[in-house]
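Proteins get letters first, then strands, A, B, ... in listed order; numbering begins at 1 in each.
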Amino acid sequence: MPEGHTLHRLAREHRRLLRGRVVAATSPQGRFASGAAALDGATLRTAEAHGKHLFHRYRSDAADLTLHVHLGLFGRFTTWQGQAPPPSTGCRLRLATVDDGPPVTIDLAGAAACELLDPDGERRLRARLGPDPLRRGADPDAAYAALRRRRAPLGQALLDQSVIAGVGNVFRAEALFLCGLDPRREARTLTRPEFDALWTTLVGMLRDGLRRGRIVTVTAEDAGRAPGRLATEDARYVYRREGLPCRRCGTPIVAWTLAARRMYACPRCQRTAPPSGGAAAAASA
DNA sequence: TCTGCATGAAAAA
DNA sequence: TTTTCCTGCAGAG
């Protein structure tokens with residue numbers, strides 16, 4: 001489930017449950033044994049997310065330590081308050097409070113990255129990330145400038161974390177649908193008004209995902225009922241709906257592989273052509 | 001028990 | 001552009 005909203009939600013949860021708490025850190029699976037040893041007995045100062053990256057900031061004796069986690073496709077955190085079961089065999093990192101407060105245990109498994117970063121390492125990592133719509137001060141101009149530099153298809157450019165940090169496969173498909181944009185168009189042909197609508201849509205979707213804890217893009221009007229109660233497959237317009245009728249026009253949704261990921265779109269609702277050939281394309285369609 | 005698949009991204013070729 | 005690495009789960013056999 002990890003797109004940007006998931007990581008911001010985890011950061012918030014970890015701050016709420018662990019900020020100021022002393023933790024015991026272990027690596028039951030063993031692959032983060034040395035890192036866990038360094039973290040053991042440290043106090044969490046804060047947790048934050050940038051795109052799909054999560055950072056825990058700890059103070060241990062005199063040293064400051066930063067834990068960096070990227071969940072990748074399979075990673076997941078599991079949290080217990082009170083008694084926790086034994087860690088699963090794949091548990092890379094277990095954090096468990098050892099102070100007098102209420103007991104909290106957080107397990108991490110399947111992460112693509114779980115490492116301690118020094119300030120320089122974090123700087124290099126952050127330099128590769130574009131603006132994150134969920135972070136204060138996110139600069140849409142930087143995202144637009146990056147898109148205008150790319151010859152790659154818009155659908156591909158949107159997954160590039162150096163363009164906009166936090167957008168994943170669900171958000172890209174749904175945002176492009178809602179904005180009526182053809183994913184195959186060259187990113188650099190995007191006009192400023194088109195980009196502004198796309199950015200606004202993404203900000204809204206990410207914030208909504210952060211609030212709900214799940215991705216629901218279908219409006220109550222299009223769903224015909226309260227979207228909060230929709231089953232996952234009914235909560236989206238195009239993502240994983242190949243062959244099913246578009247909720248707006250009834251045309252079957254199409255899917256293809258773009259930049260090694262599945263891209264979904266409505267061939268009728270998403271054929272906005274670049275401004276130069278727009279009128280002719282629309283007339284012939 | 002085995003297989004395939006998943007909301008990701010880096011390394012290799 | 002292809003391969004590889006993370007793990008857990010559902011569905012098939």
Side-chain angles (χ1 to χ4, degrees), chain A residues 1-10 27-33 35-36 49-54 67-79 85-94 106-115 117 121 124-130 132-134 150-153 155-178 183 201-202 205-218 230-242 253 255-265:
Chain A
M1 334 184 83
E3 296 200 23
H5 67 300
T6 304
L7 282 297
H8 282 269
R9 200 160 225 274
L10 286 165
S27 180
Q29 168 225 43
R31 292 189 44 189
F32 189 55
H50 185 155
K52 299 168 187 169
H53 299 259
L54 175 71
L67 171 69
H68 166 236
V69 173
H70 190 293
L71 293 177
L73 205 46
F74 321 124
R76 69 193 294 169
F77 277 103
T78 311
T79 298
S88 68
T89 53
C91 180
R92 181 99 48 97
L93 173 65
R94 164 167 280 198
I106 294 179
D107 284 356
L108 171 65
C114 173
E115 59 186 352
L117 279 185
R124 282 197 300 272
L125 172 64
R126 299 285 286 269
R128 300 202 314 264
L129 298 178
D132 174 349
L134 288 178
R150 279 171 172 64
R151 200 180 293 260
Q156 178 177 337
L158 270 190
L159 280 192
D160 185 336
Q161 300 298 295
S162 70
V163 174
I164 302 176
V167 176
N169 210 13
V170 182
F171 285 135
R172 82 154 166 181
E174 298 293 298
L176 289 174
F177 172 83
L178 283 171
T201 298
L202 284 169
M205 285 183 9
L206 281 155
R207 283 189 185 153
D208 187 72
L210 173 59
R211 198 179 67 243
R212 289 182 199 271
R214 62 184 290 229
I215 301 176
V216 176
T217 56
V218 173
L230 295 176
T232 299
E233 60 270 28
D234 296 328
R236 291 148 191 174
Y237 287 100
V238 293
Y239 179 76
R240 295 251 255 167
R241 294 195 69 243
E242 182 175 9
I253 300 302
W256 69 98
T257 299
L258 177 59
R261 314 293 306 283
R262 288 304 273 177
M263 177 76 232
Y264 303 85

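Between A:Y237 and A:F177, the ring-plane angle classifies as parallel under the 30° and 60° cut-offs. Using cut-offs of 30° and 60° for the angle between ring planes, the A:Y239 and A:Y264 rings count as perpendicular.
Protein atom CG of A:L73 is 17 Å distant from nucleotide atom P of C:dT4, rounded to whole Å. In this structure, A:N169 places its CG atom 15 Å from P of B:dC5, rounding to the nearest Å. Across the protein-nucleic acid pair, A:L71 atom CG and B:dA10 atom C1' stand 16 Å apart, rounded to whole Å. The CG atom of A:L206 sits 12 Å away from the C1' atom of B:dT7 (whole-angstrom rounding). Distance CZ (A:R236) to C1' (B:dA6): 12 Å, rounded to an integer number of Å. Regarding A:L7, its CG atom lies at a distance of 11 Å from the P atom of B:dG8, rounded to whole Å. When rounded to the nearest whole Å, the span between CE of A:M263 and C1' of B:dG8 equals 16 Å. Here the C1' atom of nucleotide C:dT1 and the CG atom of A:L159 are 16 Å apart, to the nearest Å.
For A:R262, the CZ atom sits in a packed shell: over 12 heavy atoms of surrounding residues, nucleotides or ligands are nearer than 6.0 Å.
Where stacking is scored as ring centres under 5.5 Å apart with planes under 30°, A:F74 registers as stacked on the base of C:dT7.
Note on A:R262: every side-chain N or O is 4.0 Å or more away from OP1 and OP2 of B:dT7. Note on A:S88: every side-chain N or O is 4.0 Å or more away from OP1 and OP2 of C:dT7. Considering only side-chain N and O atoms, A:Q29 lies nowhere under 4.0 angstrom from the phosphate OP1 or OP2 of C:dC6. For B:dA6, the OP1/OP2 oxygens have a side-chain nitrogen or oxygen of A:R240 closer than 4.0 Å. Contact annotation: A:K52 does not reach the phosphate of B:dT7 (side-chain N/O to OP1 or OP2, under 4.0 Å). Side-chain nitrogen and oxygen atoms of A:Q161 include none within less than 4.0 Å of the OP1 or OP2 phosphate oxygen of B:dG8. The shortest distance between the side-chain N/O atoms of A:R76 and the OP1/OP2 oxygens of B:dA6 is not below 4.0 Å. Of the side-chain N and O atoms in A:H70, none sit less than 4.0 angstrom from OP1 or OP2 of B:dG8.
Across every non-hydrogen atom of A:P133 and A:L206, the tightest pair is CG-CD1, 3.6 Å. Pairing each heavy atom of A:D132 with each of A:A49, the nearest pair is OD2-O, 4.2 Å. Summarising the geometry of A:R172 relative to A:L258, their closest heavy-atom pair is NH2-O, 3.8 Å, with the distance given to 0.1 Å.
Comparing the C1' positions of C:dG8 and B:dA10 gives a spacing of 22 Å, expressed to the nearest Å. Taking the C1' atoms as reference points, C:dT1 lies 23 Å from B:dT7, given to the whole Å. Straight-line distance between the C1' atoms of C:dC6 and B:dT1: roughly 22 Å, to the nearest whole Å.
If you check every strand for non-hydrogen atoms under 4.0 Å, A:R31 touches sugar and phosphate atoms only. Looking at heavy-atom distances under 4.0 Å, A:R172 makes no contact with the nucleic acid at all. Among the atoms of the strands shown, none is found under 4.0 Å from any heavy atom of A:E174.
Side-chain proximity of A:A112 to the nucleotides C:dT7, B:dT7, C:dC6 is greatest for C:dC6. Of all nucleotides listed (B:dA10, B:dG8, C:dT7), C:dT7 comes nearest to the side chain of A:R92.
Across all strands shown, C:dT7 forms a Watson-Crick or G-U wobble pair with B:dA6, both key distances being under 3.5 Å.
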